[in-house]
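Everything below concerns the one structure shown next.
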Amino acid sequence: MPAPFPWRIATGLLVNLLSSICIVFINKWIYVHHGFPNMSLTLVHFVVTWLGLYLCQRCGVFCPKSLSASKVLLLALSFCGFVVFTNLSLQNNTIGTYQLAKVMTTPVIILIQTLCYGKTFSARIKLTLVPITLGVFLNSYYDVKFNVLGMVFATLGVLVTSLYQVVCISS
């Protein structure tokens with residue numbers, strides 16, 4: 001398969017960014033204005049994800065690969081936890097706090113890879129994590145709409161999302 005043109009990569013990244021932003025704002029609007037139940041919205045996310053993956057597979061975007069039942073179970077559980085906890089985080093936090101909490105995914109991925117897989121990272125990479133982590137903690141501390149339950153869901157969301165990302169990489 002030939003390498004994609006740089007404009008195709010840039011277009012794909014831009015579409016991904018814009019669609020992610022739209023999904024977050026639409027979800028928050030649904031929570032605030034319609035009181036849509038979290039589990040129902042999570043079900044909608046699962047169905048849309050399945051449909052999108054099915055269409056991508058049919059269009060040849062990727063080829064499915066076989067995994068052991070234990071790896072599939074870990075991927076499925078971490079995916080479910082990632083969607084459920086991030087939705088609960090969005091439901092209980094402001095959009096800003098929700099987005100900032102998600103920024104902690106990168107430091108947690110690095111922590112998991114270091115502790116569980118023995119992977120090492122340069123000092124420069126580790127130093128970039130300091131302002132990220134400090135910024136998230138400062139936002140949480142000074143958030144005018146701080147919500148303990150929301151922060152619990154955000155923390156669980158980050159942990160499970162990070163686990164999901166690491167499991168996907170290693171599968």
Atom pair [atom1]/[atom2] of [X] and [Y] - distance to nearest 0.5 Å:
X      : Y      : atom1 : atom2 : value
Thr106 : Leu111 : OG1   : CG    : 12.5 Å
Asn27  : Ile95  : CG    : CD1   : 9.5 Å
Ile30  : Phe25  : CD1   : CZ    : 14.0 Å
Lys119 : Ile112 : NZ    : CD1   : 13.0 Å
Ile26  : Ser19  : CD1   : OG    : 10.0 Å
Gln113 : Ile109 : CD    : CD1   : 7.0 Å

Does atom CZ (Phe121) have a neighbourhood of more than 12 heavy atoms from anything else shown, all under 6.0 Å?
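Enclosed: over 12 neighbouring heavy atoms sit under 6.0 Å from CZ of Phe121.
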Crowded around Phe46 CZ? As in, over 12 foreign heavy atoms under 6.0 Å?
yes
Not counting sequence neighbours, which residues clear ring pair (Phe, Tyr, Trp, His ring centres under 6.0 Å) with Tyr117? List them please.
none
Quick one: ring pair (Phe, Tyr, Trp, His ring centres under 6.0 Å) partners of Phe62, sequence neighbours excluded?
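Per chain and number, Phe62 pairs via ring pair (Phe, Tyr, Trp, His ring centres under 6.0 Å) with no residue.
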Got Arg124 and Thr128 here, is their nearest side-chain heavy-atom distance under 4.5 Å?
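Arg124 does not reach Thr128 side chain to side chain.
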Heavy-atom closest contact ([X] atom, [Y] atom, distance):
X      : Y      : result
Asn38  : Val84  : OD1-O, 4.3 Å
Leu74  : Val167 : CD2-CG2, 3.6 Å
Thr86  : Tyr98  : O-CE1, 3.3 Å
Leu149 : Asn147 : N-OD1, 3.0 Å

Please check: side-chain N/O of Thr49 versus main-chain N/O of His45, any donor-acceptor pairing under 3.5 Å?
yes
With a 3.5 Å distance limit and no angle check, can you tell me whether Lys28 reaches the backbone of Leu90 through a side-chain donor-acceptor pair?
yes
If hydrophobic clusters are built from ILVMFWY residues whose side chains come within less than 4.5 Å, do Leu88 and Val83 share one?
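Same cluster: Leu88 reaches Val83 through Ile, Leu, Val, Met, Phe, Trp or Tyr contacts under 4.5 Å.
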Tell me which donor-acceptor pairs under 3.5 Å the side chains of residues 150-166 have, and how far apart each pair is, sequence neighbours excluded?
unit_1 : atom_1 : unit_2 : atom_2 : d
Thr155 : OG1    : Met151 : O      : 2.8
Thr161 : OG1    : Gly157 : O      : 2.6
Ser162 : OG     : Thr105 : O      : 3.3
Ser162 : OG     : Val158 : O      : 2.7

Classify the angle between the aromatic ring planes of Trp50 and Tyr54 as parallel (below 30°), tilted (30 to 60°) or perpendicular (above 60°).
parallel
